[in-house]
J.: 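Here it is: the structure, laid out below.
Hydrogens, waters and symmetry mates play no part in the numbers below; they use all other heavy atoms, side chains included. Computed from a prediction, not measured in an experiment: that's the story for all the values here.
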Amino acid sequence: MTSLHSSERVGSYVKRAEQALQTAKHAALKPAGVTVPQYAALLFLDENPGISAAALARLCGVTPPTMNALLTNLQERGLIERTPHAWHKNILETRLTEAGAAVMRDADARAVRVEQAVAEGFTDAERATLEQLLTRCAELYDAVRPETPTAPKK
(Lines give C-alpha, C1' and ligand atoms only; values in the text may rest on other atoms or scores of the structure.)
Protein backbone atom coordinates (compact mmCIF):
# COMPACT_ATOMS: atom_id res chain seq x y z
CA MET A 1 0.00 0.00 0.00
CA THR A 2 1.20 3.52 -0.78
CA SER A 3 1.87 6.08 1.89
CA LEU A 4 -0.92 8.37 0.67
CA HIS A 5 -4.33 7.03 -0.32
CA SER A 6 -5.64 8.30 -3.66
CA SER A 7 -8.60 9.97 -1.95
CA GLU A 8 -6.12 12.15 -0.04
CA ARG A 9 -4.27 13.33 -3.17
CA VAL A 10 -5.34 16.79 -4.31
CA GLY A 11 -3.95 16.07 -7.75
CA SER A 12 -6.40 13.25 -8.35
CA TYR A 13 -9.35 15.64 -7.89
CA VAL A 14 -7.75 18.27 -10.11
CA LYS A 15 -7.07 15.65 -12.79
CA ARG A 16 -10.61 14.27 -12.59
CA ALA A 17 -12.08 17.75 -13.10
CA GLU A 18 -9.66 18.46 -15.96
CA GLN A 19 -10.52 15.17 -17.68
CA ALA A 20 -14.25 15.86 -17.32
CA LEU A 21 -13.74 19.33 -18.80
CA GLN A 22 -11.77 17.96 -21.76
CA THR A 23 -14.39 15.27 -22.41
CA ALA A 24 -17.27 17.77 -22.28
CA LYS A 25 -15.47 20.27 -24.54
CA HIS A 26 -14.43 17.54 -26.98
CA ALA A 27 -18.07 16.52 -27.40
CA ALA A 28 -19.22 20.13 -27.69
CA LEU A 29 -16.54 21.07 -30.25
CA LYS A 30 -16.86 18.00 -32.48
CA PRO A 31 -19.74 19.48 -34.55
CA ALA A 32 -17.59 22.60 -35.13
CA GLY A 33 -14.90 20.37 -36.64
CA VAL A 34 -12.11 21.20 -34.21
CA THR A 35 -10.37 19.47 -31.34
CA VAL A 36 -9.91 21.06 -27.92
CA PRO A 37 -6.24 21.96 -28.67
CA GLN A 38 -7.22 23.42 -32.06
CA TYR A 39 -9.98 25.46 -30.42
CA ALA A 40 -7.52 26.78 -27.82
CA ALA A 41 -5.15 27.86 -30.59
CA LEU A 42 -7.96 29.55 -32.53
CA LEU A 43 -9.18 31.33 -29.40
CA PHE A 44 -5.72 32.67 -28.54
CA LEU A 45 -5.12 33.64 -32.19
CA ASP A 46 -8.37 35.58 -32.16
CA GLU A 47 -7.20 37.44 -29.04
CA ASN A 48 -3.58 37.83 -30.26
CA PRO A 49 -3.45 38.29 -34.05
CA GLY A 50 0.08 37.95 -35.42
CA ILE A 51 1.38 35.94 -32.48
CA SER A 52 4.33 33.62 -33.10
CA ALA A 53 3.99 29.85 -32.87
CA ALA A 54 6.33 29.76 -29.86
CA ALA A 55 4.27 32.32 -27.95
CA LEU A 56 1.06 30.53 -28.92
CA ALA A 57 2.52 27.23 -27.69
CA ARG A 58 3.23 28.82 -24.29
CA LEU A 59 -0.33 30.16 -24.05
CA CYS A 60 -1.80 26.77 -24.97
CA GLY A 61 0.53 24.82 -22.69
CA VAL A 62 2.04 22.65 -25.42
CA THR A 63 5.51 22.23 -26.85
CA PRO A 64 6.57 24.24 -29.91
CA PRO A 65 6.75 21.10 -32.11
CA THR A 66 3.21 20.16 -31.07
CA MET A 67 2.01 23.68 -31.86
CA ASN A 68 3.72 23.63 -35.27
CA ALA A 69 1.92 20.38 -36.15
CA LEU A 70 -1.38 21.84 -34.98
CA LEU A 71 -0.81 25.05 -36.97
CA THR A 72 0.13 23.09 -40.10
CA ASN A 73 -3.19 21.25 -39.85
CA LEU A 74 -5.14 24.51 -39.37
CA GLN A 75 -3.26 26.14 -42.26
CA GLU A 76 -3.98 23.20 -44.58
CA ARG A 77 -7.66 23.58 -43.70
CA GLY A 78 -7.52 27.29 -44.58
CA LEU A 79 -8.32 28.42 -41.03
CA ILE A 80 -5.10 30.36 -40.44
CA GLU A 81 -2.45 32.14 -42.47
CA ARG A 82 1.21 32.48 -41.56
CA THR A 83 3.34 35.28 -42.95
CA PRO A 84 6.92 36.37 -42.26
CA HIS A 85 7.31 39.04 -39.60
CA ALA A 86 8.19 42.47 -41.04
CA TRP A 87 11.56 42.67 -39.21
CA HIS A 88 12.28 39.11 -38.07
CA LYS A 89 12.02 37.10 -41.28
CA ASN A 90 12.55 33.77 -39.46
CA ILE A 91 9.44 34.38 -37.32
CA LEU A 92 6.05 33.67 -38.83
CA GLU A 93 3.09 35.73 -37.69
CA THR A 94 -0.09 33.71 -37.44
CA ARG A 95 -3.58 35.05 -38.00
CA LEU A 96 -7.06 33.65 -38.46
CA THR A 97 -8.52 33.68 -41.96
CA GLU A 98 -12.16 34.62 -42.44
CA ALA A 99 -12.98 30.91 -42.46
CA GLY A 100 -10.94 30.44 -39.29
CA ALA A 101 -12.74 33.29 -37.56
CA ALA A 102 -16.09 31.73 -38.47
CA VAL A 103 -15.02 28.32 -37.12
CA MET A 104 -13.66 29.98 -33.98
CA ARG A 105 -16.95 31.82 -33.35
CA ASP A 106 -18.94 28.59 -33.76
CA ALA A 107 -16.54 26.61 -31.57
CA ASP A 108 -16.40 29.35 -28.95
CA ALA A 109 -20.18 29.50 -28.65
CA ARG A 110 -20.18 25.75 -28.06
CA ALA A 111 -17.34 25.91 -25.51
CA VAL A 112 -18.96 28.82 -23.69
CA ARG A 113 -22.15 26.77 -23.26
CA VAL A 114 -20.09 24.08 -21.50
CA GLU A 115 -18.44 26.67 -19.25
CA GLN A 116 -21.74 28.37 -18.44
CA ALA A 117 -23.49 25.09 -17.64
CA VAL A 118 -20.80 24.25 -15.09
CA ALA A 119 -20.60 27.78 -13.72
CA GLU A 120 -24.36 27.74 -13.07
CA GLY A 121 -23.80 24.80 -10.69
CA PHE A 122 -22.02 27.16 -8.29
CA THR A 123 -23.00 30.30 -6.47
CA ASP A 124 -20.99 33.45 -7.23
CA ALA A 125 -19.15 33.01 -3.91
CA GLU A 126 -18.41 29.35 -4.63
CA ARG A 127 -17.05 30.22 -8.09
CA ALA A 128 -14.80 32.90 -6.62
CA THR A 129 -13.55 30.46 -3.98
CA LEU A 130 -12.99 27.74 -6.59
CA GLU A 131 -10.98 30.14 -8.77
CA GLN A 132 -8.86 31.18 -5.77
CA LEU A 133 -8.27 27.59 -4.68
CA LEU A 134 -7.37 26.37 -8.17
CA THR A 135 -5.02 29.32 -8.66
CA ARG A 136 -3.34 28.56 -5.34
CA CYS A 137 -3.18 24.87 -6.22
CA ALA A 138 -1.41 25.65 -9.52
CA GLU A 139 1.02 27.97 -7.73
CA LEU A 140 1.78 25.31 -5.12
CA TYR A 141 2.38 22.66 -7.80
CA ASP A 142 4.67 25.11 -9.59
CA ALA A 143 6.58 25.66 -6.35
CA VAL A 144 7.24 21.94 -5.75
CA ARG A 145 8.13 21.13 -9.35
CA PRO A 146 11.50 19.39 -9.35
CA GLU A 147 14.29 21.30 -11.01
CA THR A 148 15.26 19.97 -14.41
CA PRO A 149 18.90 18.99 -14.40
CA THR A 150 20.93 20.91 -16.90
CA ALA A 151 23.41 19.32 -19.22
CA PRO A 152 27.04 20.00 -18.38
CA LYS A 153 28.50 22.83 -20.41
CA LYS A 154 31.23 21.92 -22.83
J.: If you look only at pairs with a residue in residues 127-139, which of them pass as a side-chain hydrogen bond (donor to acceptor under 3.5 Å, both in side chains), with sequence neighbours excluded?
T.: Asp124-Arg127
J.: What are the two closest non-hydrogen atoms of Ser6 and Ser12, and how far apart are they?
T.: O-OG, 3.1 Å
J.: Can you tell if the side chain of Ile51 reaches within under 4.5 Å of the side chain of Leu59, non-hydrogen atoms only?
T.: yes
J.: What distance do Leu56 atom CG and Leu71 atom CG have between them, rounded to the nearest 0.5 Å?
T.: 5.5 Å
J.: Working to the nearest 0.5 angstrom, can you tell me the gap between Arg58 CZ and Thr63 OG1?
T.: 12.5 Å
J.: Looking at side-chain heavy atoms only, is the closest gap between Pro37 and Val62 below 4.5 Å?
T.: no
J.: Only distances under 3.5 Å count here; give the side-chain donor-acceptor pairs of residues 20-36 to other protein atoms, sequence neighbours excluded, each with its distance to 0.1 Å.
T.:
{"residue": "Thr23", "atom": "OG1", "partner": "Gln19", "partner atom": "O", "Å": "2.9"}
{"residue": "Lys25", "atom": "NZ", "partner": "Glu115", "partner atom": "OE2", "Å": "2.8"}
{"residue": "Thr35", "atom": "OG1", "partner": "Gln38", "partner atom": "N", "Å": "3.1"}
{"residue": "Thr35", "atom": "OG1", "partner": "Gln38", "partner atom": "OE1", "Å": "3.4"}

J.: Look up atom CG in Leu96 and atom CG in Leu79, then write down how far apart they are to the nearest 0.5 Å.
T.: 8.5 Å
J.: Please confirm whether the backbone N or O of Glu93 pairs with a side-chain atom of Ser52, one donor and one acceptor, at under 3.5 Å?
T.: no
J.: What are the two closest non-hydrogen atoms of Phe122 and Leu130, and how far apart are they?
T.: CZ-CD2, 4.0 Å
J.: Assess whether atom CD of Glu98 is packed by more than 12 heavy atoms of other residues, nucleotides or ligands within 6.0 Å.
T.: no
J.: Please answer: with hydrophobic residues joined when any side-chain heavy atoms are less than 4.5 Å apart, are Val14 and Leu140 in the same cluster?
T.: no
J.: Specify the closest pair of heavy atoms between Thr97 and Gly78, including all atoms of both residues, with the distance to one decimal.
T.: OG1-O, 2.6 Å
J.: Any non-hydrogen side-chain atom of Met104 less than 4.5 Å from a side-chain atom of Asp108?
T.: yes
J.: What is the distance from atom CZ of Arg82 to atom OG1 of Thr94, rounded to the nearest 0.5 Å?
T.: 4.5 Å
J.: With a 4.5 Å cut-off on side-chain heavy atoms, are Arg95 and Thr83 touching?
T.: yes
J.: Might you point out which heavy atoms bring Leu4 and Arg9 nearest each other, and give the distance in Å?
T.: O-NH2, 2.7 Å
J.: Using a 3.5 Å cut-off and no angle test, enumerate the donor-acceptor pairs between side-chain atoms of residues 40-48 and protein atoms at least two apart in sequence or in another chain.
T.:
{"residue": "Asn48", "atom": "ND2", "partner": "Phe44", "partner atom": "O", "Å": "2.9"}

